[in-house]
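What follows is a single structure, and I will ask about it in a moment.
Keep in mind that the numbers below use all heavy atoms, side chains included, and drop hydrogens, waters and symmetry copies. In the text below, chain A, chain B and the rest are named by the order of the sequence lines, each starting its count at 1.
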Amino acid sequence: MSLCKFAYHGPETLDEVLALLAEHGPAARVMAGGTDLVVKMSRGQVAPAVVIGLKRVPGLGDLRFDPVHGLELGCMTRVSDVLEHPAVAAHYPALAEAAQATATVQIRNMATIAGNLCNASPCADNAPTLIARGASVELRSPRGSRTLPLAELFRGPGQTVLAPDELLLCITVPPPRAATGFAYLSLSQRSAVDVSAVGVAAGLTLADGRVAEARIVLGAVAPTPFVATAAADALRGQRPADEAFPAAGDAPAEACSPLGDVRASAGYRRKMVAVLVRRALERATARALADGRARTARPAEVTP
Amino acid sequence: MKQTIRLRVNGDTYEVAVPPWRTLNEVLREDLRLTGTKRGCGDGDCGACTVLLDGRSVTSCLMLAVEAVGHEVTTVEGLATARDALHPVQAEFIAAGAIQCGYCTPGMELSAAYLLSRNPSPTDDEIRRGLSGNLCRCTGYQKIFEAVRRASDRLKGAAPPDAAAGDPAAGGPAGGDPSGGGARP
């Protein structure tokens with residue numbers, strides 16, 4: 001059960017990290033929190049010749065918020081940092097819900113949000129909410145920097161568009177908008193610890209009591225996070241009823257492509273998508289209304 | 001490939017030569033002979049290997065020893081401040097009969113100590129969530145839950161510890177609650 005042999009580098013500046021990535025590229029793995037990489041190494045699923053640890057680079061774990069630029073998560077921001085930050089609780093409650101759904105207390109104290117994304121597990125709890133929230137990621141290499149919408153990071157299970165010499169440097173989430181609410185709900189067989197069998201992020205912006213814009217993103221029911229664009233667009237102009245949008249989950253349940261595995265059958269996942277989309281929209285609607293500005297929303301205020 | 005590193009564990013400094021692929025769990029147990037920290041699943045799921053790193057609970061099986069350099073590690077051996085002065089969590093684990101085979105106990109106690117260090121007055125639900133990263137293979141969750149409840153009361157000074165000992169009703173309101181059977185919510 002011991003780990004494969006590798007050379008370890010603990011660079012102390014970002015430039016050193018990038019130089020090591022350029023030098024070792026495909027032979028190297030970057031270690032952020034290590035909670036996925038160490039498990040994969042102990043199971044023999046990966047055997048990198050070089051491990052580049054990021055823990056000694058100052059500043060990579062910073063979490064910054066301001067109302068104009070939004071939220072910025074450095075690549076070493078831990079899941080527990082997100083969970084404990086007052087600005088996240090106040091302005092991004094769905095991000096906190098996704099963080100809370102991630103693994104255990106101890107893992108949340110080690111694992112990073114960026115690592116959860118870069119491992120590209122289809123059931124990564126933190127991806128759907130960040131995508132729904134319009135997050136982008138900055139990828140840095142010695143060749144330069146590029147910024148992508150988060151949804152474009154993922155290529156397939158365990159696969160991203162990151163080049164061998166690229167580092168996901170930070171995640172940026174747009175500032176909160178008026179009369180807008182988001183929510184994340186997930187199901188797993190054994191509550192907190194288990195990997196989510198289905199995860200649903202939903203959000204909407206209300207104007208004059210109607211949906212101005214909606215987002216629905218599903219986790220664990222497709223090879224990559226599934227953005228249910230058509231279903232979300234169909235909500236535009238609708239008025240939230242008592243049960244919000246009772247049939248809003250039916251189309252995404254049909255459109256996604258879940259696998260059946262030890263955690264849930266494909267059919268169960270589809271049925272739960274329908275339920276969780278409805279419930280997530282209910283909670284998002286309640287948050288949008290609670291924002292207080294919904295009933296008197298001025299159109300100018302709801303567009304970014 | 002070995003490198004000499006300095007680890008701070010329970011207030012002591014150790015100089016050890018380790019290869020980078022050794023986990024903190026392996027080095028604590030095999031090099032430093034601090035075998036209070038257990039190894040269970042090796043995947044970070046069971047919590048038997050829990051230690052505190054700068055006061056935060058982490059699973060030592062998923063951490064490279066070289067990455068613990070510069071941080072303060074606390075194992076169960078360092079939880080008590082002296083041989084005859086157990087940490088309140090340890091004392092209440094004994095008083096509540098929360099130890100069966102004992103394999104999960106060090107990890108449970110560190111998770112409990114971490115929870116109470118950040119939230120001295122947890123609700124029942126918060127205690128269960130706080131322990132949800134630790135599995136007890138004897139399934140003795142209810143006594144563990146009661147021990148943490150009592151430790152919380154003791155740390156707050158709400159109940160004299162000896163008055164509570166031996167009184168089965170003192171463990172809190174969860175006695176007859178069937179949902180209280182598991183620490184995992």
| task | Test the A:R287-A:F182 pair against the cation-pi criterion, namely NZ or CZ under 6.0 angstrom from the six-membered ring centroid and within 45° of the ring axis. | result | no
| field | For chain A, which residues of residues 15-25 of chain B have heavy atoms nearer than 4.5 angstrom | value |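 Within residues 15-25 of chain B, the residues that come under 4.5 Å of chain A (heavy atoms only) are B:P20, B:W21, B:T23.
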| said: For residues 83-95 of chain A, give me every residue with a non-hydrogen atom less than 4.5 Å from any non-hydrogen atom of chain B. | reply: A:E84
| side-chain contact (heavy atoms from CB on, under 4.5 Å) partner of B:T75, chosen from B:T35, B:T50, B:N10 | B:N10
| Check: B:E92 main-chain N/O paired with B:R150 side-chain donor or acceptor under 3.5 Å | no
| Top residue by heavy-atom pair count (under 4.5 Å) with chain A, among B:C61, B:G47, B:G44, B:S57? | B:S57
| message | Does either side chain, that of B:E67 or that of A:Y8, offer a donor lying less than 3.5 Å from an acceptor on the other one? | response |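 Result is yes, a qualifying pair exists.
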| query | Hey, mind stepping through A:R140 and A:D15 against salt bridge (charged side-chain N to carboxylate O under 4.0 Å, His left out) and telling me if it holds? | reply | CA-CA 10 Å; A:R140 185 76 68 86; A:D15 286 344; over 6 Å; no
Can you list, pair by pair, the side-chain donor-acceptor contacts under 3.5 Å of residues 25-40 of chain A, counting residues two or more places apart and other chains?
| residue | atom | partner | partner atom | Å |
| --- | --- | --- | --- | --- |
| A:D36 | OD2 | A:N119 | ND2 | 3.4 |
| A:K40 | NZ | A:N119 | OD1 | 2.9 |

| query | Under a 4.0 Å N-O cut-off, is there an ion pair linking B:R56 with B:D54? | reply | no
| request: Say whether, by atom type as modelled, one donor and one acceptor occur between the side chain of B:R8 and the main chain of B:G11 under 3.5 angstrom. | output: yes
| request: Would you confirm whether A:E97, through its side chain, and A:Y184, through its main-chain N or O, come within 3.5 Å as a donor-acceptor pair? | output: yes
| query | Looking at B:F145, is B:R128 sitting on its ring face, NZ or CZ under 6.0 Å from the six-membered ring centre and within 45 degrees of the normal? | reply | yes
| said: Show, in sequence, the C-alpha distance, side-chain angles and deciding distance for A:H24 and A:H9, and conclude whether the side-chain contact (heavy atoms from CB on, under 4.5 Å) test is met. | reply: CA-CA 11 Å; A:H24 299 288; A:H9 295 276; 3.8 Å; yes
| query | Which bit of B:T59 comes within less than 4.5 Å of chain A, counting heavy atoms only: side chain, backbone, both or neither? | reply | both
| Any residue of residues 109-121 of chain B which, by heavy atoms, sits under 4.5 Å from chain A | B:S111, B:Y114, B:R118
